[in-house]
Amino acid sequence: MASLNAGGSATGNIVYCAVVRFGDRAVVAANAHLNSGFDPEAVHKLYNQPNLMIEPGRRYRVPTENLNFYFVSDDQDRIFLVVTRENYPDRVAFKMIEELRTGFLQKYADKSLVCKEHALDRAASKLMQRLCDKYDDLQQVDSIASVEAKVDVVKVVMQDNISKMLENSAKLDDIYKTAEELQQQAGVFKKNATKLRKRMWWKNKKMCLALTFLIAAVMTIIVTYLVCTNSEC
């Protein structure tokens, strides 16, 4: 089953339209849209209800499980009917009915009062099919639906942007964490380097002191030897 859609392609929002002569309950013209599988017997059941009264010019909406029946009667008991999916906007459905009424009466006003049932199906098919196709695309015929469609697009874009921001935020957290770890490692390295430098400094000092003592001892021995040699001690 096709679903409600405000996009730019046929989606089955419009299921069926018809013109009914209420006096004898005759469907004088009808059009099922997009092979919707709609059972026209539902129209007969609707208008054959006992004690059903329809006021000319009054707008009617009869909801069912998955569909809505919209219809308006004129002062000569002609009923102009549109069947839509359940979420279709009422204002747009009645707008289609008004356009159907105007176009139909321009050509078939007199014939529709005396013709047999379904006698005008073929003659009115072009008008009805055109209206079904036109009003099936909500974005084309309803400014509110068009705005809603654009809002939906903006929502999708914003959601994508938010997702990307969250992903980038997660990556930044990883970068911050890595930077902190590197900073900690750098601190440890600096501390170890300081300790090593101090150890090397002391090692060099000890080496210098040892060399100093060694040189002093050698010089002492040399001087003592020379003195003893000259004095023949």
Side-chain angles (χ1 to χ4, degrees), residues 1-22 25 27-40 42-47 49 52-109 112 120-121 124-158:
M1 179 178 292
S3 60
L4 183 70
N5 191 331
S9 60
T11 56
N13 293 328
I14 303 298
V15 176
Y16 181 85
C17 67
V19 178
V20 181
R21 194 168 53 230
F22 188 60
R25 290 1 183 221
V27 178
V28 298
N31 182 77
H33 190 228
L34 295 178
N35 298 319
S36 59
F38 177 74
D39 184 6
V43 176
H44 288 285
K45 290 181 180 179
L46 174 65
Y47 293 127
Q49 297 180 45
L52 177 64
M53 299 294 294
I54 299 179
E55 298 178 17
R58 181 177 177 181
R59 295 180 171 185
Y60 293 87
R61 173 180 174 271
V62 178
T64 63
E65 183 178 356
N66 298 312
L67 303 174
N68 284 330
F69 289 73
Y70 296 93
F71 54 93
V72 176
S73 173
D74 66 8
D75 55 6
Q76 292 186 299
D77 278 347
R78 278 177 297 239
I79 296 174
F80 301 90
L81 166 76
V82 170
V83 182
T84 73
R85 297 299 174 194
E86 58 183 336
N87 293 326
Y88 197 80
D90 294 355
R91 64 183 178 278
V92 185
F94 287 115
K95 183 178 178 182
M96 177 179 172
I97 287 176
E98 179 58 27
E99 193 168 344
L100 172 63
R101 185 190 69 82
T102 301
F104 186 84
L105 292 181
Q106 285 177 352
K107 293 184 177 181
Y108 315 112
S112 62
L120 298 176
D121 280 0
S125 63
K126 186 175 181 179
L127 168 66
M128 291 183 161
Q129 186 62 46
R130 178 178 62 81
L131 292 177
C132 286
D133 291 340
K134 176 181 176 180
Y135 282 88
D136 193 71
D137 182 1
L138 271 175
Q139 191 171 348
Q140 177 185 348
V141 295
D142 184 40
S143 58
I144 294 178
S146 178
V147 171
E148 289 175 346
K150 292 177 181 178
V151 170
D152 289 339
V153 172
V154 173
K155 285 182 179 178
V156 171
V157 173
M158 291 181 63

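What you are looking at is a predicted structure, and each value in this text was computed from that prediction instead of being measured.
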request  = May I ask you to test the Thr64-Glu86 pair for a side-chain heavy-atom distance under 4.5 Å?
outcome  = no
inquiry  = Going by salt bridge (charged side-chain N to carboxylate O under 4.0 Å, His left out), name the residues that satisfy it together with Arg25, two or more places apart in sequence or in a different chain.
reply    = none
request  = Hey, can you tell me if Phe71 and Tyr47 have their rings parallel, tilted or perpendicular (30° and 60° cut-offs)?
outcome  = perpendicular
query = What are the two closest non-hydrogen atoms of Tyr88 and Ala93, and how far apart are they?
reply = CE2-N, 3.7 Å
ask   = What distance separates Met53 CE from Ser73 OG, expressed to the nearest 0.5 Å?
value = 10.5 Å
inquiry  = Which residues pass the salt bridge (charged side-chain N to carboxylate O under 4.0 Å, His left out) test with Asp39, not counting sequence neighbours?
reply    = none
request  = Decide yes or no on side-chain contact (heavy atoms from CB on, under 4.5 Å) for Thr84 and Tyr135, but give the supporting numbers first.
outcome  = CA-CA 10 Å; Thr84 73; Tyr135 282 88; over 6 Å; no
task = Nearest 0.5 Å please: distance from the CG atom of Leu81 over to the CE atom of Met96.
result = 9.5 Å
remark   = Lys134 meets the side chain to side chain donor-acceptor pair (under 3.5 Å) criterion, sequence neighbours left out, with Glu99
ask   = Rounded to the nearest 0.5 Å, what separation is found between the OG1 atom of Thr102 and the CD1 atom of Ile97?
value = 11.5 Å
ask   = Are any non-hydrogen side-chain atoms of Leu131 and Cys17 less than 4.5 angstrom apart?
value = no
key: Any donor-acceptor N/O pair, Tyr60 side chain to Glu55 backbone, under 3.5 Å   = yes
task = Kindly indicate, with the supporting measurements, whether the criterion side chain to side chain donor-acceptor pair (under 3.5 Å) is fulfilled by Tyr70 and Asp90.
result = CA-CA 8 Å; Tyr70 296 93; Asp90 294 355; 2.5 Å; yes
ask   = Do the non-hydrogen side-chain atoms of Pro89 and Leu138 ever get within less than 4.5 Å of each other?
value = yes
query = Is the backbone of Gly12 close enough, under 3.5 Å, to the side chain of Arg85 for a donor and an acceptor to pair up by distance?
reply = yes
remark   = Those residues at least two apart in sequence (or on a different chain) that pass salt bridge (charged side-chain N to carboxylate O under 4.0 Å, His left out) with Glu98 are Arg101
remark   = Residue set satisfying ring-ring contact (aromatic ring centres under 6.0 Å, His included) with Phe22, at least two apart, ordered chain then number -> none
key: Nearest-0.5 Å distance that lies between atom CG in Asn31 and atom CG in Leu100   = 10.0 Å
Candidate pair Val43 and Tyr16, rule side-chain contact (heavy atoms from CB on, under 4.5 Å), full reasoning = CA-CA 10 Å; Val43 176; Tyr16 181 85; 3.6 Å; yes
request  = Assess whether side-chain contact (heavy atoms from CB on, under 4.5 Å) is satisfied between Asn13 and Asp136, documenting all intermediate values.
outcome  = CA-CA 5 Å; Asn13 293 328; Asp136 193 71; 3.6 Å; yes
inquiry  = Going by salt bridge (Lys or Arg N to Asp or Glu O under 4.0 Å), name the pairs with one or both residues in residues 62-78, residues two or more places apart or in two chains.
reply    = Asp74-Arg78
inquiry  = Are Leu120 and Phe104 packed together at the side-chain level, in the sense that at least one heavy-atom pair is separated by less than 4.5 angstrom?
reply    = yes
task = Return the minimal non-hydrogen interatomic distance between His33 and Cys132, and the atom names on each side.
result = CD2-CB, 3.5 Å
